[in-house]
Amino acid sequence: MNSNLNSNNDIILKGLNDKQTEAVKIINGPLLIIAGAGSGKTKVLTHRIAYIIDNGTRPSNILALTFTNKAANELKERISNLVGESKAKYIWAGTFHSIFARILRIEAKSINYSSNFSIYDTDDSASVIRQIIKTLNLTEKSLNINAVRNKISSLKNKMISSMDYALKAETSEEKFVAEIYKKYEINLKNNNAMDFDDILLNFINMLRSDKNLLTKYQEQFKYILIDEYQDTNKAQYLAIKLLSKSHNNLCVVGDDAQSIYRWRGADISNILDFQEEFPYCRVVRLEQNYRSTKNILNAAHSVISNNQRQIPKKLWTENQVGDKIDIFQYADDREEATRVANLINDEIENGYNFKDIAILYRTNAQSLVLENSLRSKKIPYLIIGGTSFYKRKEIKDTLAYLTLLVNPSDNEAFRRVINEPPRGIGLTSLRNLELFAEYNNLNLIEACFEVDNIPEIKGKASKSAIEFASKVNEYSRQLINEQSYDVIFDYILGTDLISMFKEIGSSDALDRITNIEQFLLDIKNYFETNENPSLSDYLQQITLVSDIDDKDLTGNNVSLMTLHSAKGLEYPIVIITGVEKGLFPLERTRLDQEELEEERRLFYVGVTRAKSKLSLSYCMRRAKFGDVSVQGPSKFVSEIPVEYTNRAFSTGGSFVPQRQESYFKSKPQGINRDEYSQIMPDENYSQLPPIATNELKVGDWVKHSNFGRGKIIQKTGFGAQERVVVNFDGIGNKSLMLQFAKLTKM
DNA sequence: GACCTGCTGATTTTT
DNA sequence: TCAGCAGGTC
């Protein structure tokens, strides 16, 4: 190995700039890499890992933690390309949650769990909390379940236990939360389940309570690398600190300017204070940007400079000055969607591909109107993020059935499916079963077998309960003998979930069947392609994966996603929509300096995704909650100096703005009626030509997702108030709001 | 216990 | 707007 060490090192260092080389070569001791957007961060990480291996460390002694699965996969792939699959596969690379969960399964005994524990996502947690609130009989005020869940999660992220919190709680609401928190912890433990936060906390508890395990993993992970360090929370920081304590070979990479997860407990002071926390720390700054044009970088810098709390730095680039940034003012969100689609078609004519273009927005709700417009113009697109496949009800139900096979203690999974499809075990029977189970210290499956001892449950309910539990038991046993897809398939078929939807027969129900089939196909695929497949392994994989991660990004599609999802990606052309007052930054963040700064960082992330062209737009009105609210340019727009921009406005393309009362029904956000009439912005703007009215007209045949085919027989109103009456085949006349009825022209 | 209806509140972002 | 829930009815 030694003979070719230098030449290998040379290969690894080839093509890196001075700063990147420096970062790669410092492998011992704490290292903070401040990596600006587009500065080759992943390149440095992967080359650094290759360098560590090349200097004699075994791949299995390297731990590389990322924030998302997407980032982890990219990292693995690029390391593989660099050092070869045979070495790369031994590196511990993954998200905090997946790696820690993997270790926790191995060491489950040390924290009094069994290794088949379930992992609860946010919906599962909320459902447990709903259950607890019900049993507490909190009649005096209805607590918002999600608010409670967020509160508990944020307490956990800050490492505040239910006991600590109970001591601190003062108001009656805080006391309720403390009570729920305590029950929630007990509940999950009894279910042999952990939520996302528990994975981090239990990992820390494990390291703290067992010195041998601490030593074991400190020796296992001789080199630790953390990506997106600005997004770590207190628990993650502590876990890393514990793991690296014996050797301090800890390298963190991050950019404080791209910290956008404060709301989820990310603590930006982790990166800001890294140098104090880890003495003798070296710092390398990567400030050369290889991605964007000078105009884009300058604009990004101008905006982010308005933030107070940050590590001073300025990105520079050798790239061209490039096109100016286009800033458009549109009349409303429908015009925005139409114009965005037109813009895309123009760029296609200019020689770009659909896959070169991304449309970014602040909230998922904004995607709908954009989608409609893209569809009508036959522009292929792919939504990244949004509601996950695994969050669909039918998939969650199927998942719960499977979870019961692996973890029969999971009462939450039991509750979810015991009466889905209806088996005659309603809320009353369930409540009795739960009381009995609690009293006798059984899980609900076990309680089912004892149902004869519960006098309140008799007849059909009693019979069903035993049948249900027997079925779970039987298949669970079969699965222990033989981990095969066929067993799983039989079991799911036997639940009658699919037959239930078949009976319902609506298009929605048929969709659900398709989804379940697709899910089963995925399981089949897993069983066929893995060496040592097991259901528990499969379930573990998917609970920590959102389906963004395995979306095929290689097709020729325009990408649509939230600004958060866009982090880490880059596109030749980026279109950021809805850069509006009240929407971006979100209204509620306006008065909170820290939250406002986070919104600004989010904007910065969006802007720096663009390689050569960037376009921003805002609307004067936007449909919200089926109503229309008055918007206007975001303050971020005014933070970009005019010299980097082209600005254009429209007075309302397809229709003349109607100043109807209804436009002002919802709270005008910062613009009053008189201001609104002065739609003409300052002299930096030029007027956009009107867009062609290719809107639907009377006599057109249209298609609706629920009602099917129909013909427009009447059209009334303007703009957001536009309505059509459609005569649908076999259904008859329906009056629809044009902006909400997803009509497509046939 | 199942099913229907009408009301309410959500819309930030995700492991 | 629309999903999800509570409460009422059969």
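Order of the sequence lines sets the chain letters (A, B, ...), proteins ahead of strands, with each chain counted from 1.
- Between Thr562(A) and the phosphate of dT14(B), there is a side-chain N or O to OP1/OP2 separation shorter than 4.0 Å.
- Between Arg423(A) and Ala365(A), it is Arg423(A) whose nearest contact on DNA chain B lies nearer the 5' terminus.
- Only the P atoms considered, dG4(C) is 15 Å distant from dT13(B), to the nearest whole Å.
- OP1 and OP2 of dT15(B) both lie 4.0 Å or more from every side-chain N or O belonging to Asn69(A).
- A close approach under 4.0 Å does occur between a side-chain nitrogen or oxygen of Ser429(A) and OP1 or OP2 of dG1(B).
- For Ile383(A) and dT13(B), the CD1 to P distance is 12 Å, given to the nearest whole Å.
- Taking atom CZ of Arg601(A) as the reference point, atom C1' of dT13(B) lies 13 Å away to the nearest angstrom.
- Rounded to whole Å, the distance from CD on Glu594(A) to P on dT13(B) is 21 Å.
- Using a 4.0 Å heavy-atom cutoff across all strands shown, Tyr261(A) reaches sugar-phosphate atoms only and no base atom.
- Side-chain atoms of Arg264(A) stay outside donor-acceptor range of the base of dT13(B), with no qualifying N/O pair under 3.5 Å.
- Between Trp263(A) and Tyr261(A), the two ring planes are tilted [angle within 30° to 60°].
- If you measure from atom CG of Leu569(A) to atom C1' of dT14(B), you get 15 Å, rounded to the nearest angstrom.
- Taking atom CD1 of residue Ile145(A) and atom C1' of nucleotide dC5(C), one finds them 9 Å apart after rounding to whole Å.
- Of the residues listed (Tyr113(A), Phe196(A), Phe100(A), Phe96(A)), the one engaging Phe203(A) in a ring pair (Phe, Tyr, Trp, His ring centres under 6.0 Å) is Phe100(A), and it is the only one.
- Taking the six-membered ring for Trp and the full ring otherwise, the centers of Phe584(A) and Tyr618(A) sit at least 6.0 Å from each other.
- The separation between Leu200(A) atom CG and dT14(B) atom C1' is 13 Å, rounded to whole Å.
- Of all the heavy atoms in Asp333(A) and Val369(A), the pair that sits closest is O-CG2, 3.9 Å.
- If you measure from atom CZ of Arg130(A) to atom P of dG4(C), you get 10 Å, rounded to the nearest angstrom.
- Taking 4.0 angstrom as the limit, Thr428(A) places a side-chain polar atom (N or O) nearer than this to OP1 or OP2 of dG1(B).
- Between Asp124(A) and Asp195(A) there is no side-chain heavy-atom pair separated by less than 4.5 Å.
- The residue among Phe67(A) and Asn146(A) whose nearest nucleotide of DNA chain B is located toward the 5' end is Asn146(A).
- Between Ser565(A) and the phosphate of dT14(B), there is a side-chain N or O to OP1/OP2 separation shorter than 4.0 Å.
- Considering only side-chain N and O atoms, Asn419(A) lies under 4.0 angstrom from the phosphate OP1 or OP2 of dA2(B).
- Straight-line distance from the CG atom of Asn364(A) to the P atom of dA3(C): 15 Å, rounded to whole Å.
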